[in-house]
Number of protein chains: 2
Amino acid sequence: MARTRAHNPRPFKREKHDHRRCVTTALDRAAKVCAAKGARLTAIRRQVLELVWQSHRPAGAYDILAALGRKRDYVAPPTVYRALEFLRAQGLVHRIESLNAFVGCERPGEPHCGQFLICRACGRAAEMADGRIEAAVRRGLAEAGFALERPTVEALGLCPDCQPPAEAGNA
Amino acid sequence: MARTRAHNPRPFKREKHDHRRCVTTALDRAAKVCAAKGARLTAIRRQVLELVWQSHRPAGAYDILAALGRKRDYVAPPTVYRALEFLRAQGLVHRIESLNAFVGCERPGEPHCGQFLICRACGRAAEMADGRIEAAVRRGLAEAGFALERPTVEALGLCPDCQPPAEAGNA
DNA sequence: GGCCGGGTGTTATCTTATAACATAACGTTC
DNA sequence: GAACGTTATGTTATAAGATAACACCCGGCC
């Protein structure tokens, strides 16, 4: 249970950050992860991953489909779904169930339970890695005699940037 | 934050329980909740709720649609979706996002964050109410500056009844 | 060459969900 | 008890999301 740090105190990126860096980092990590596992990060899979990382807003499979159609010849839905399934199996993307959409994983390679904050105003999703939440979930489920395989936490709400200008000490 | 008890130690019902009692309890509670709020539990809504409670397996909207079609004249999808939305707004059913399906709420009236264990073998879903999980989630999100509105936890795995006969002390 | 397996292409279809508008039921007011 | 506003339901069509089934291609290997 080597936990690098308790959690990330700022899961939402600043509005203006160097996003190309997010993308290249993600692609680099993906290459490493796939190489380590002997999995083939083909051209399509790479492009789909890149499109998922196009922004921090979860991307629907058909959004990706449309965007991919602009980069290369038309591809059909199964192609995209297959790529997404591959990326998910490698831990490179997460699926946001409540949105039927996908986001890039911030911590590929480190097994973790998905924890997502979804802003209903700006549409961005941020991944948390709060060890205390994960521990609480694992403990609760274990006590219930449940053999846990894939826990996810999804929270809908307002990100710091989208909240009204702070009435009183409610933050 | 009046919490009746820390959590329910046995979220999954026994295979053989008096399920009619689950249903009648749910319908009674629903009537009370709606009466208290001045919401109208109409015939369709009641029937949909009853169908959701038909079992402890999450029911898809179109399953309900089909079942409802057997009880009364054909109804179209929007009718079912509207009823489900109403029931959800009243806190009488939960949506299991990862299954696109609905289950009856075990604790209508008590506001809580949804916590579900979903057995991938038997298909049943059980609702937990672990205050420690909820507290951990709320704390983590508050620290991230996120204004939380609707957190849900969904865990896929194997329920106690569906696990292989217990190798060693892994529970 | 011939075979195998993984990846992709292709077609069709299935499931899930909602938009948009029409009608009916209910409650209130006078 | 007629008129009105409100809420609930009916109806039609379609959008959005996902997958089944089968064909083909390509690289590696014997």
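By convention in this document, chain letters (A, B, ...) are assigned in the order of the sequence lines, proteins followed by strands, and residues within each chain are numbered from 1. Please read all numbers here as calculations on a predicted model, not as lab measurements.
The environment of CD in A:E85 is sparse: at most 12 heavy-atom neighbours from other residues, nucleotides or ligands sit within 6.0 Å. Atom CZ of A:R72 has more than 12 heavy atoms from other residues, nucleotides or ligands within 6.0 Å.
Listed in residue order, the members of residues 29-57 of chain B having a heavy atom less than 4.0 Å from DNA chain D are B:R40, B:T42, B:I44, B:R45.
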I'd like a list of close polar pairs between nucleotides 26-28 of chain D and the protein, N/O only, cut-off under 3.5 Å.
none

_Per-nucleotide protein contact string for nucleotides 13-22 of chain C, where B marks a base within reach and S marks sugar-phosphate only (heavy atoms under 4.0 Å, - for neither)_ = ---BBBB---
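Atom C1' of nucleotide D:dT9 and atom CG of B:L84 are separated by 15 Å, given to the nearest angstrom.
In this structure, the side chain of A:D63 engages the main chain of A:G60 through a donor-acceptor pair within 3.5 Å. B:R46 contributes no side-chain N or O that, together with a main-chain N or O of B:A31, makes up a donor-acceptor pair within less than 3.5 Å. Between the side chain of B:T79 and the backbone N or O of B:V75, no donor-acceptor pair lies under 3.5 Å. When atom types are taken as modelled, the side chain of B:R45 and the backbone of B:L84 share no donor-acceptor pair closer than 3.5 angstrom.
No hydrogens or angles considered: nothing links the side chains of A:H19 and A:Q54 as a donor-acceptor pair under 3.5 Å.
Distance from the side chain of A:V75 is smallest to C:dG9 among D:dT11, C:dT10, C:dG9.
Considering only heavy atoms from C-beta on, A:F116 comes within 4.5 Å of A:V103 through its side chain.
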